[in-house]
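These notes concern the structure reproduced below.
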Amino acid sequence: MTSISILTQYYPPETGAPQNRLHSLARFMVNQGFEVRVFTAMPNYPTNRVKEGYRGKWIFDESLDGVSVLRSWIFVPQSRGIVARLLNYFSFVVTSFFRLLFNSRSEFLLCESPPLFLGLTAVIIARLKGSKLIFNVSDLWPESAEKLGLVTNRAALRLSYVLEKWIYKNSWLISGQTQGIVANISGRFPGKRVVWLPNGIDLEFRNKVSLTDWRMHWGIRPDEFVVLYAGIIGYAQGLEVILEAASRLVNEPIHFVLAGDGPEKERLKQRAQEWQLTNVYFQDNVPKQEMAGMIQACSVFVVPLRKLELFKGAIPSKIFEPLALAKPIVLGVEGEARELFIDQGSAGLAFDPENADDLSIKLKWLQQNPRESVLLGELGEQYVLKMFDRSKIYKTFLDQLNQLSE
């Protein structure tokens, strides 16, 4: 039986893109006969508070959907400052190292990045145990942190780039979530094997039914037009563009819902209050099983990112679920995502990132042309089910591992 360990700081019951993707991959591998163990932290994201039932523990083992999950302690700060974040990352680097060290060897060790620092544990453990290290890159760190202005210290950035290079050179295989990430790494490290491991959709997601009447919950009539954003409310998303578009459409029968948590949420709530945006609603994070019902309640799903060269190679994970439920997207992302989902998939409309005038025009057109809006949703559904079915993606990935291991 082939064995694989997955090392990640983020995992269910937390909600989020890496959590959902890695748990889906782990469940698929278990069903394919792999021996799978996930080494992760006590769940605390995105609230910065360890969840009930895990508090006060140094280690905790459990089984989630047949997946063996081995947890270790992590420092969870209330501050979001750089020192606090580094303590958060490195505390798990240390505790995960000892959890892996005192557990049996796996043939493969798959490490999720970011955080990049977790690669320290992965490389050392892979060397000590003779495991094949697969380093999975879902975000080009530290490049993204530098471009977003989240890290400005030049010495820290230089050290991070040195660490990145060391980890890549010591990896048996590197996988990237987007073709842009794959091209970036392949260009800088031409001697390394780099494969595309795209995100996608679990078809079972389409069968999840929410008991919540979300429109009634938000106080919105069944016949009104609802624009939904659901995901992390952070810096990279540039969500102020949604509030600016809402201010232009405040007298139209168009409502905006921002669902999720994150570092920008309170600032955006304050801004919406200052601008008296009565057409904007903020919804706290909900369990994944309720997300399908929330998406079903919307008319269109908006996917923004800030206007940065870096994001031309990005594919936000939140694209897949609305498309699987035949909801058109309004995409404010240039490059790879637009080429795939708008140009090829005809899954919605694109707007210029951070351009509120363009966003409001596209939303108003969809609201005034319901037949065309429905057609875009149907085309998007067909495209994502054909091209981004996770079971097909994972099978291709496992075939690649078998070929490379021969």
Practice prompt. Mind running salt bridge (charged side-chain N to carboxylate O under 4.0 Å, His left out) on Asp284 and Lys265 for me, showing each step along the way?
Written response: CA-CA 10 Å; Asp284 289 339; Lys265 184 172 182 177; 2.6 Å; yes
Which class fits the ring pair [X] and [Y]: parallel under 30°, tilted 30 to 60°, perpendicular over 60°?
| X | Y | result |
| --- | --- | --- |
| Phe388 | Phe320 | tilted |
| Phe108 | Trp172 | tilted |
| Phe117 | Phe90 | tilted |

Discussion item. What verdict does the salt bridge (charged side-chain N to carboxylate O under 4.0 Å, His left out) test give for Lys327 and Glu381, after you've listed the backbone C-alpha separation in whole Å, the side-chain angles of each residue and the deciding distance to 0.1 Å?
Written reply: CA-CA 8 Å; Lys327 297 295 181 180; Glu381 179 186 27; over 6 Å; no
Taking [X] for the side chain and [Y] for the main chain, is one N or O donor matched with an acceptor at less than 3.5 Å?
| X | Y | value |
| --- | --- | --- |
| Glu14 | Tyr45 | yes |
| Thr40 | Thr8 | yes |
| Ser106 | Ser3 | no |
| Asp202 | Glu204 | no |
| Arg71 | Ala41 | yes |
| Arg99 | Thr95 | no |
| Glu321 | Ile295 | no |
| Arg27 | Asp65 | no |
| Glu35 | Ile4 | no |
| Asp352 | Asn355 | no |

Worksheet item: Quick check, are the ring centers of Phe92 and Phe97 under 6.0 angstrom apart?
Response: no
Discussion item. Quick check: Phe225 with His255 (ring centres under 6.0 Å apart)?
Written reply: no
Practice prompt. Could you give me the CA-CA distance, side-chain angles and deciding distance for Trp214 and Gln283, then say whether side chain to side chain contact (heavy atoms under 4.5 Å, CB included) is met?
Written response: CA-CA 10 Å; Trp214 284 105; Gln283 169 67 48; 3.5 Å; yes
Min side-chain heavy-atom separation [X]-[Y] under 4.5 Å:
| X | Y | value |
| --- | --- | --- |
| Glu309 | Glu334 | no |
| Pro142 | Tyr161 | yes |
| Asn136 | Arg21 | yes |

Would you say [X] has more than 12 foreign heavy atoms packed within less than 6.0 Å of its [atom1]?
| X | atom1 | value |
| --- | --- | --- |
| Lys307 | NZ | yes |
| Gln270 | CD | yes |
| Arg49 | CZ | no |

Practice prompt. Check step by step if side chain to side chain contact (heavy atoms under 4.5 Å, CB included) holds for Arg127 and Asn170.
Written response: CA-CA 9 Å; Arg127 283 184 175 181; Asn170 284 280; 2.5 Å; yes
Worksheet entry | Evaluation steps, side chain to side chain contact (heavy atoms under 4.5 Å, CB included), between Met29 and Leu398 | CA-CA 9 Å; Met29 287 181 165; Leu398 296 185; 3.5 Å; yes
Discussion item. Walk me through whether Val300 and Ile329 qualify under side chain to side chain contact (heavy atoms under 4.5 Å, CB included).
Written reply: CA-CA 6 Å; Val300 300; Ile329 59 171; over 6 Å; no
Practice prompt. Could you give me the CA-CA distance, side-chain angles and deciding distance for Trp73 and Phe60, then say whether ring pair (Phe, Tyr, Trp, His ring centres under 6.0 Å) is met?
Written response: CA-CA 9 Å; Trp73 179 84; Phe60 187 85; over 10 Å; no
